[in-house]
Amino acid sequence: MNFEHTEKVQELMARIEAFMQEYIYPNEEAYEEFITDPANLWVVPPIMEELKAKAKAEGLWNFFLPKEYGEFSPGLTNLEYAPLAELMGRVEWASEVFNCSAPDTGNMEVLARYGTPAQQQRWLQPLLEGEIRSAYLMTEPQNACSDATNVECSIVRDGDEYVINGRKWWASSVYDPRCELLLVMGKTDFDAPKHLQQSTIIVPKDTPGVTLVRPLKVMNHYHSPQGHGEVLLENVRVPVENMILGEGRGFEIAQGRLGPGRIHHCMRQIGAAQRCLDLMCHRVEERAPFGKKLSAQGSIRQDVAKSRCEIEQARLLTLAAADKLDKVGNKEGKDLIAMIKIVAPQMCQNVADRAMQAHGGMGISQDTPIANIFASARMIRFTDGPCEVHMSQLGKQTIVETVNK
């Protein structure tokens, strides 16, 4: 496999890196101070919209949709997008500046792939412009929704409308004041075959019957201004034209959404881990307790070496997964998608843990992004489906393929 970056990708990487150096890194501390001030809960830092405007003006915008999406795509493959996402992943909120942040990327892909022209005009276009944000409502507190067939939220047709009833949680970005669109997964036919019961429907956030029950903390943080929320849907009525693709196609849509999206998370995790390693290297070279630099300690060098190996292994595996998605699609690439989903978040968590230890007390404070990176990596081991689910499926698939050779 040849993963050498093309001239086009190298040029985009250089431009993104320059933008990060000029606008993102210098504003990290101010951004963090703003969002952690209780007075600013669920308030978007003004610098975010300013930076989005700058990035958009420079053409550093919407890199994520693969080129098969035609007019909606910048013309990149998943393989070409990977190093760009890695650079953005070095700062937790940087992806949004380039309109490449979850859950909007996945929701935009759903609308671009499956939406009607009317749905695309009403919802996809403002998302592509970065004017609004969106949330994806699948997970339910009473069910193990790592298997999407377990959802119980009901979507019942009543004339020219669908009536939706259910309770969802971990709806990312639902507390963002710019969030206007909810993509809700529920069941339209409880008696159909297992994978044909589910449907996905568009629900404007301001629809009567939609109640934000409470924000959910992640390791004691609200993740303002986006947040994650528990949402109650009580007799929510939307027109039939809000159904995406058709009744019974929800599981199919979820699978299509979760292929590239999981790769995007892995790309960003690699960037975050690389940032931790870079910070660790600088820290151990600067510190000399007891008259000897930390960088001269054998245990420190081992941690640095292990971290570099693990990052590069995950990077190459992610590039291989992206390349396979480009060549054979989500279904045929599911083995590598599972592998990188298992590997990348754990790798990032491990690297961040070593970096925290090398920094001493500073490593768990707000003075570096390392603690936030550690928490994010731990969270992603849930949000893209528990690692156990991916390992179970990958293990089963590996056994079958091996035995049947």
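Keep in mind the model is a prediction, meaning the values are calculated, not measured.
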Check whether [X] reaches the backbone of [Y] with its side chain - one donor and one acceptor, N or O, closer than 3.5 Å.
| X | Y | value |
| --- | --- | --- |
| Ser376 | Asn372 | no |
| Asn40 | Phe34 | yes |
| Gln197 | Lys187 | no |
| Asp326 | Asn78 | yes |
| Thr6 | Val9 | yes |
| Ser73 | Gly70 | no |
| Asn99 | Leu128 | yes |
| Ser392 | Val389 | no |
| Lys52 | Gly130 | yes |
| Ser307 | Asp303 | yes |

Please say which of Arg133, Glu96, Gln226 ends up in a side chain to side chain donor-acceptor pair (under 3.5 Å) with Ser101.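 Of all the options given, the one that passes is Arg133.
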
Out of Gln274, Arg315, Arg268, which one pairs with Glu86 under the side chain to side chain donor-acceptor pair (under 3.5 Å) rule?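 It is Arg315; the other options fail the test.
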
Side chain to side chain, [X] and [Y], heavy atoms closer than 4.5 Å:
| X | Y | result |
| --- | --- | --- |
| Cys153 | Ile164 | yes |
| Leu111 | Ile202 | yes |
| Met88 | Ile16 | yes |
| Trp169 | His228 | no |
| Lys324 | Asp335 | yes |
| Cys179 | Ile132 | no |

Reported [atom1]-to-[atom2] distance for the pair [X] and [Y], which is rounded to 0.5 angstrom:
| X | Y | atom1 | atom2 | answer |
| --- | --- | --- | --- | --- |
| His195 | Phe251 | NE2 | CZ | 4.0 Å |
| Ser154 | Asp189 | OG | CG | 12.0 Å |
| Arg287 | Lys293 | CZ | NZ | 13.5 Å |
| Asn242 | Leu182 | CG | CG | 11.0 Å |
| Arg113 | Phe72 | CZ | CZ | 13.5 Å |

Ignoring hydrogens and geometry beyond distance, is a side-chain donor-acceptor pair present between [X] and [Y] at under 3.5 Å?
| X | Y | result |
| --- | --- | --- |
| Ser134 | Asp104 | yes |
| Gln346 | Asn350 | yes |
| Glu247 | Ser199 | no |
| Tyr114 | Glu109 | no |
| Glu129 | Gln125 | no |

Evaluation steps, salt bridge (charged side-chain N to carboxylate O under 4.0 Å, His left out), between Glu17 and Arg90: CA-CA 10 Å; Glu17 179 60 30; Arg90 288 172 171 254; 5.2 Å; no

Is it the case that more than 12 heavy atoms not belonging to [X] sit under 6.0 Å from its [atom1] atom?
| X | atom1 | answer |
| --- | --- | --- |
| Lys56 | NZ | yes |
| His282 | NE2 | no |
| Gln121 | CD | no |
| Arg308 | CZ | no |
| Leu316 | CG | yes |
| Lys8 | NZ | yes |
| Glu4 | CD | no |
| Gln142 | CD | yes |

Using the benzene-type ring in the case of Trp, are the ring centres of [X] and [Y] under 6.0 Å apart?
| X | Y | value |
| --- | --- | --- |
| Trp61 | Phe98 | no |
| Tyr81 | His264 | yes |
| Trp170 | Phe382 | no |

Tell me, with the steps shown, if Val231 and Arg167 meet side-chain contact (heavy atoms from CB on, under 4.5 Å). CA-CA 6 Å; Val231 183; Arg167 184 180 291 267; over 6 Å; no

Nearest heavy atoms of [X] and [Y], plus distance in Å:
| X | Y | result |
| --- | --- | --- |
| Val213 | Tyr175 | C-OH, 3.9 Å |
| Met243 | Thr200 | SD-O, 3.5 Å |
| Leu51 | Phe19 | O-CZ, 3.7 Å |
| Leu76 | Phe63 | CD1-O, 3.8 Å |

Arg178/Glu49 ion pair, N-O < 4.0 Å: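 Looking at Glu49 together with Arg178, the answer is yes, because their closest N to O distance falls below 4.0 Å.
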
Pairing of Glu401 and Lys405 as salt bridge, 4.0 angstrom limit: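 Salt bridge absent between Glu401 and Lys405.
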
Checking Glu180 against Lys205 for the salt bridge (charged side-chain N to carboxylate O under 4.0 Å, His left out) test, could you report, in this order, the C-alpha distance in whole Å, the side-chain angles of both residues, the deciding distance, and whether it holds? CA-CA 5 Å; Glu180 297 184 16; Lys205 183 181 168 184; over 6 Å; no

Pairs involving residues 22-43, ordered by first then second residue, that meet salt bridge (charged side-chain N to carboxylate O under 4.0 Å, His left out) (sequence neighbours left out):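 Sorted pair list: Glu28-Arg275.
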
Partners meeting side chain to side chain contact (heavy atoms under 4.5 Å, CB included) with Asp158 (sequence neighbours left out):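 With sequence neighbours excluded, Asp158 shows a side chain to side chain contact (heavy atoms under 4.5 Å, CB included) to Val163, Arg237, given in chain and number order.
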
Can you spot which of Arg283, Met356, Met280 makes a side chain to side chain contact (heavy atoms under 4.5 Å, CB included) with Ile370?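 Testing Ile370 for a side chain to side chain contact (heavy atoms under 4.5 Å, CB included) against Arg283, Met356, Met280 leaves exactly one candidate, Met356.
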
Given salt bridge (charged side-chain N to carboxylate O under 4.0 Å, His left out), test Lys54 with Glu58 step by step and report yes or no. CA-CA 6 Å; Lys54 289 181 184 293; Glu58 293 188 19; over 6 Å; no

Could you go step by step and tell me if Glu230 and Lys168 meet the salt bridge (charged side-chain N to carboxylate O under 4.0 Å, His left out) rule? CA-CA 6 Å; Glu230 184 172 345; Lys168 301 287 188 177; over 6 Å; no

Taking only residues two or more places apart in sequence, or in another chain, which ones meet Asp147 in a side-chain hydrogen bond (donor to acceptor under 3.5 Å, both in side chains)?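 side-chain hydrogen bond (donor to acceptor under 3.5 Å, both in side chains) check on Asp147 returns Thr149.
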
